[in-house]
Structures are given as C-alpha cells and as structure tokens.
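Structure, as structure tokens:
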Amino acid sequence: MNRHLAIAYGGVAYLLFLVSFGYLVGFLGNIWVPRSVDHGHPASPGWAALVNVLLLGAFGVQHSVMARPAFKQRWTRVVPPSIERSTYVLMSSAVLALLYWQWRTMPTVVWEVRQPALRATLWALFWLGWAIVLASTFMVSHVDLFGLRQVYLAWRGKPYSHVGFRAPLLYRLVRHPLMLGFVIAFWAVPTMTAGHLLFSIAMTVYILLAVRIEERDLVAALGEEYVAYRRDVSMLLPLKALARARNADAARRRH
C-alpha cells in the first residue's frame, strides 16, 4: 500500500475513533448527543431488548474476533499489515456507530439516587472511569494501540516492531486498568434505567470474558514474563497491591 495512503488511512481511522469514543461518553452520560442510552428509538420492551442485545453482541464479536492472532494472520493476507490495526480501530468505530444509531430506549428506572452528595459522587466516579480509560492507553502506547505507530513506520519505510511488555503506573496495581475504567464508567450513574442496566451487564460480562481470552494470548506470546506478572498483579481489582501495602506497613510498624 502506498505509504501516503497508509498514513492518511490511519489518521482518518484515529479521528473516527476519537469521535466514537467521545460519543460513547455522551451516550452513557445522556449528555451532549442526540441519541443516548436513554434517548434512542422507541420500541416495545421485548423488541428493544432483542435489538439491543444483538447490537451489543455485534460489538463483542467484532472486537474480540478481529483482535485474535489467528484472525490477524489470515486478515493480513488481505489487508496490508501496516493498516491492520487502523482497520480494526475503524471497524470498532463503525460497530459503535451502528449501536448508537439503532439503540432502542428501555426507559424503566431500575434505581435512582436522589441524595445530592451521592449523585455528585457517582458523577465524579463516572468521569474518573473515563479518565482511567484514556490515561491507561498512554501508559502503554496510545499510538500503537490505535494504529498510528504502524502507519507512521510504514510512511518512514521502516518495519514494524513490537513495543514490548511493560507495566507502568496503574498497570502495577491491576493488569487491565483500561477495562477497570470502562466498568466504573458503565456503572457509576445516579439514574439506572433498564436500557443502561442491559448495556452495563452485557459489556461487563464481555470484558470479563475478553480479558481471559486476551491473557491466554499474552501468555502464549510472552511466556513466563507475563505468567510472573499475572501472579503478582490482580486482574481488575487491586487486591494484591493493597495486600502488599498492608504487609509493608505492618513491617514498618514492627521495626
């Protein structure tokens, strides 16, 4: 593929990711956007649930299947390796756009927090979740994760090289801080409708399944290095980090 076309393609895919990511924040927060989790197409409860489950399933299938090494091996026979990641990002944005466009409203309120301080706390957690998501991408390699490094190297005429394994900052507390941020953002809302609850449950279940599949691939790729990391750091909750901190504090007090 022409290197100028590759970098243009990667740039467009990244810009569409930024739009779809920003829309997701508004979609779940019911802010800024014309269609949101609680303001979609009207439908009967049964039909709304069926359509929404299919939309969520489409996202899960695309997001997981295209990320698997076996699929990438076959896919890069069709798509140049330099734009493989950008294509993945582009397809993810397209499936999210379909979800935003076709989402059916399920307006029944499951719970609502009315106490002002608690509402403010939940909104703070909502924004904290998105901040963790975004920060986590920069702690590893934001440009590699979203295909920009790949197309840049192609533009420079250099072969792609993996960024390597590292565990900075939040990755020392949990193995998947990006996914933890998503889970926080999905659930930290003061008003939970049936539609939002369906979204949160489905996406949380997907995350729990997806990280296990991803870790299997990481063990296969990185071997003992990742096995040791998995042994020392918890998956989503910083339980081992808290235990280490308690043990260190107890040791200091003994001395």
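Since this is a predicted model, take the numbers as computed values, not measurements. Below, each value reflects all heavy atoms present in this structure, side chains not excepted, and no hydrogens, waters or symmetry copies.
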Would you name the heavy atoms of Lys240 and Arg231 that are closest together and state the gap between them? NZ-O, 2.8 Å
What one should report as the nearest heavy-atom pair of Phe146 and Arg85 is C-CG, 4.2 Å
Once you round to the nearest 0.5 Å, how far does CG of Leu50 lie from CG of Leu55? 9.5 Å
Between His176 and Glu214, which heavy-atom pair has the shortest distance, and what is it? CE1-OE1, 3.8 Å
If you define the side chain from C-beta out and look only at heavy atoms, does anything of Phe71 sit under 4.5 Å from Ser64? no
Closest non-hydrogen atom pair between Ala194 and Val110, with its separation: N-CG2, 3.7 Å
Separation between CG (Leu180) and OG (Ser234), nearest 0.5 Å, reads 11.0 Å
Have Arg149 and Ser161 got a donor and an acceptor in their side chains that come within less than 3.5 Å? yes
Going by atom types only, do Ser36 and Tyr100 share a side-chain donor-acceptor pair under 3.5 Å? no
Considering all heavy atoms, the nearest Leu153-Pro159 contact: CD1-O, 4.0 Å
Looking just at side-chain N and O atoms, do Thr191 and Trp111 make a donor-acceptor pair shorter than 3.5 Å? no
So Gln62 and Ser92, side-chain hydrogen bond (donor to acceptor under 3.5 Å, both in side chains) or not? Walk me through it. CA-CA 7 Å; Gln62 177 276 322; Ser92 297; 3.2 Å; yes
Do the rings of Phe17 and Phe21 sit parallel, tilted or perpendicular, given the 30° and 60° boundaries? tilted
Under 30°, 30 to 60°, or over 60°: which ring-plane class applies to Trp130 and Phe126, parallel, tilted or perpendicular? perpendicular
For Tyr171 and Ser136, the nearest pair of non-hydrogen atoms, with its separation, is OH-O, 3.2 Å
Spacing of CZ belonging to Arg74 relative to CZ belonging to Arg68, to within rounding of 0.5 Å: 13.5 Å
Please walk me through it: do Arg156 and Tyr152 pass side-chain hydrogen bond (donor to acceptor under 3.5 Å, both in side chains)? CA-CA 6 Å; Arg156 293 287 303 274; Tyr152 173 73; 2.7 Å; yes
What residue among Leu145, Asp144, Val143 forms side chain to side chain contact (heavy atoms under 4.5 Å, CB included) with Thr137? Leu145
Could you verify whether a donor N or O on one side chain and an acceptor N or O on the other, from Tyr14 and His142, lie under 3.5 Å apart? yes
Should Glu112 and Arg114 be marked as a salt bridge (charged side-chain N to carboxylate O under 4.0 Å, His left out) after you check the CA-CA gap, both sets of side-chain angles, and the distance that decides it? CA-CA 6 Å; Glu112 184 169 16; Arg114 297 182 182 275; 3.4 Å; yes
Thr121 OG1 to Leu128 CG distance, which is reported to the nearest 0.5 Å: 12.0 Å
